[in-house]
Amino acid sequence: MSALAARVPDLLRKRAFRRYWTALSVSLVGDQISLIAIPLVAVLVLDADAAEMGLLKTAELLPALLLSLPAGAWIDGRSGRRRIMVAADLLRAVLVLSLPVAYALDALTLTQLYAVAFAIGAFTVLFDICNATVFVSLVPKDRFVAGNSLLNGSRAMAFVGGPGVGGLLVQLFAAPLALLADALTFLCSAVMLARIAPAEPPPAPPAKGYATEGLRWALRHPTMRAMFAASGTVQFFNLMFHTLFVLYATTELGLGAGALGVILGSGAIGGVIGAAVTGRVVSGVGIGPTILLGFAGFTVPLLLVPLAGGPGPLIITLLFLAEFLSSVGLMLLDISSGSLLAALMPDSLRSRLTGASRTVNYGFRPLGALAGGALGTALGLRPTLWIATAGATLCFVWLLPSPVPRLRVLPEAAINQEPPPVPDPVDPPPRPAPVRRPGSPGDSVGTACRIKRGGRRKQDM
């Protein structure tokens with residue numbers, strides 16, 4: 001084996017995972033292209049104003065908030081999640097292609113743009129929830145961290161190169177025509193996913209409370225409950241921060257577009273480094289402490305943003321450090337927490353739990369954005385950023401008393417098991433065995449074969 005081949009991660013030597021990783025990596029680049037191209041279509045082609053841009057962003061976010069729970073319930077009752085991902089890719093390609101076609105026919109409208117943004121978001125929900133099951137079908141539990149590191153490394157690289165590619169395509173072609181590249185990435189992803197055949201778990205049988213069972217399970221599981229609460233706290237305050245960050249950097253700190261671009265680019269580089277080192281950190285300190293480091297690394301450096309002031313070079317240095325260090329922490333957090341949640345989720349509830357997680361994450365985002373706008377207007381930008389960055393660190397209120405800090409390795413046998421059963425309080429306790437005299441008829445046979453009454457038990461979700 002050559003020295004170069006020896007450095008290829010073990011998972012990428014497996015054909016099925018390599019195709020899966022390629023599909024998601026290509027799709028992530030396409031997402032970054034559309035992140036630039038679709039808003040530019042609204043602004044440059046359709047002359048959208050601020051209110052209309054807000055409606056466009058709302059159309060993108062609403063599917064994750066409204067559809068994640070029902071989509072998780074629907075997917076858990078289906079087999080062939082990989083086929084659903086292929087279909088979602090193909091349908092998103094068609095939706096994206098409809099925009100340059102309508103532009104060429106001079107028929108493009110804001111209404112179509114809203115509808116396409118919402119529909120793409122809906123199919124993205126299906127894709128992402130199915131992906132949670134396909135991932136664990138392809139990756140052994142002891143390789144969850146390595147697998148998540150590769151996927152998040154691709155995401156970080158997409159953040160580095162995707163906006164540049166998207167901006168170049170928009171510059172060379174009209175913004176709607178740049179979306180042809182995004183549609184092509186969806187088609188490439190569909191082709192690669194169609195060429196794998198993971199052994200997926202069977203569909204879960206429907207039962208009473210089926211649709212909300214995943215959310216109820218998570219709320220009663222101490223580790224999952226703490227992770228959901230910490231994530232929701234960070235999402236709320238982080239959206240407060242991001243709602244005001246660009247406005248604060250340009251108006252109060254006086255940064256130009258070039259300096260702001262360099263600062264944001266440092267975050268992408270930090271993400272690449274974070275993805276590269278997470279595996280070693282987990283091996284060194286354990287999965288739980290890595291999650292705590294990730295939450296700290298993601299939230300604490302952002303305190304440098306409202307602290308920034310003074311000469312221009314000092315401001316740029318502080319913002320550079322904040323963005324760089326926060327992105328390193330984000331990769332530590334995403335990889336380690338994603339691996340832990342994948343290990344904790346039972347196969348029979350995986351899609352519903354993923355849907356519940358997305359509902360929590362995306363549900364707090366619009367609330368945080370609204371709170372950031374309101375407080376920024378009432379208190380000013382810098383005080384609101386202090387509230388947002390300090391408030392995000394409250395995630396530790398949920399984590400420190402939980403089992404998370406004590407976890408060193410991914411939980412054993414958690415993938416296909418429910419929490420331990422407890423006796424059903426409705427059932428009567430077992431009756432004591434009658435005392436028999438030595439030599440009574442049926443002594444040995446009766447004792448050995450006696451059926452224990454009151455033995456019915458249920459799972460404590």
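- A donor-acceptor contact shorter than 3.5 Å is absent between the side chain of Ser231 and the backbone of Met227.
- The salt bridge (Lys or Arg N to Asp or Glu O under 4.0 Å) analysis of residues 265-274, with sequence neighbours excluded, yields no pairs.
- Between Pro222 and Pro403 the shortest side-chain heavy-atom distance falls below 4.5 Å.
- Residue Leu99 holds its CG atom at 6.5 Å from CD1 of Ile120, rounded to the nearest 0.5 Å.
- Counting only distance, with no hydrogens or angles, the side chain of Ser68 and the backbone of Leu65 share no donor-acceptor pair below 3.5 Å.
- Put simply, the side chain of Arg19 gets close to the backbone of Arg195: a donor and an acceptor are under 3.5 Å apart.
- Shown here are the ring pair (Phe, Tyr, Trp, His ring centres under 6.0 Å) partners of Phe364, two or more places apart in sequence or in another chain: there are none.
- Applying the salt bridge (Lys or Arg N to Asp or Glu O under 4.0 Å) test to residues at least two apart or on different chains, none of the pairs has a partner in residues 281-291.
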Distance-only donor-acceptor pairs under 3.5 Å for side chains of residues 108-115, two or more places apart:
residue	atom	partner	partner atom	Å
Thr109	OG1	Gln112	N	3.2
Gln112	NE2	Ser98	O	3.2
Gln112	NE2	Ser98	OG	3.4
Tyr114	OH	Glu52	O	3.4

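- Here the side chain of Arg408 pairs no donor or acceptor atom with the backbone of Gly286 at under 3.5 angstrom.
- Evaluation of the side-chain hydrogen bond (donor to acceptor under 3.5 Å, both in side chains) rule for Ser154 yields Trp21, Ser25 as partners, not counting sequence neighbours.
- Between Arg82 and Glu200 there is no salt bridge, since none of the side-chain N atoms of the basic residue sits less than 4.0 Å from a carboxylate O of the acidic one.
- For CZ of Arg83, the number of neighbouring non-hydrogen atoms (other residues, nucleotides, ligands) closer than 6.0 Å is 12 at most.
- The CZ atom of Arg216 sits 9.0 Å away from the CZ atom of Arg352 when rounded to the nearest 0.5 Å.
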Output side-chain donor-acceptor pairs under 3.5 Å for residues 125-136, partner residues at least two apart or in another chain, one line each.
residue	atom	partner	partner atom	Å
Asp128	OD2	Arg358	NH1	3.0
Asn131	OD1	Tyr20	OH	2.5

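- Applying the salt bridge (Lys or Arg N to Asp or Glu O under 4.0 Å) test to pairs two or more places apart or on separate chains, those with a residue in residues 328-337 are Arg155-Asp334.
- For residues 276-285, there are no side-chain hydrogen bond (donor to acceptor under 3.5 Å, both in side chains) pairs, not counting sequence neighbours.
- Formation of a donor-acceptor pair under 3.5 Å by the Asp76 side chain with backbone atoms of Ser351 is found in this model.
- Checking side-chain atoms of Asp347 against main-chain N and O of Pro201 turns up no donor-acceptor pair under 3.5 Å.
- Side-chain N or O atoms of Ser27 include none that pairs as donor or acceptor with a backbone N or O of Ala23 at under 3.5 Å.
- Within the structure, side-chain hydrogen bond (donor to acceptor under 3.5 Å, both in side chains) contacts touching residues 373-397 (residues at least two apart or in different chains) are Tyr248-Arg382.
- In terms of modelled atom types and a separation under 3.5 Å, the side chain of Thr299 and the main chain of Phe295 share a donor-acceptor contact.
- Remark: Ser326 engages no residue in a side-chain hydrogen bond (donor to acceptor under 3.5 Å, both in side chains) (not counting sequence neighbours).
- Distance check: Leu385 CG to Leu379 CG gives 11.0 Å after rounding to the nearest 0.5 Å.
- Among residues two or more places apart in sequence or in another chain, the side-chain hydrogen bond (donor to acceptor under 3.5 Å, both in side chains) test is passed with Ser336 by none.
- Atom CG of Leu340 sits about 4.5 Å away from atom CD1 of Ile291, to the nearest 0.5 Å.
- At least one donor-acceptor pair under 3.5 Å links the side chain of Asn148 to the backbone N or O of Phe144.
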task = Would you sort out whether Leu293 and Val281 count as a side chain to side chain contact (heavy atoms under 4.5 Å, CB included), showing the intermediate values?
result = CA-CA 9 Å; Leu293 284 173; Val281 175; 4.1 Å; yes

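- Counting heavy atoms from C-beta on, the side chains of Leu150 and Phe17 come closer than 4.5 Å.
- Counting heavy atoms of neighbouring residues, nucleotides and ligands inside a 6.0 Å radius, atom CZ of Phe245 exceeds 12 of them.
- Not a single salt bridge (charged side-chain N to carboxylate O under 4.0 Å, His left out) links Asp182 to another residue, sequence neighbours left out.
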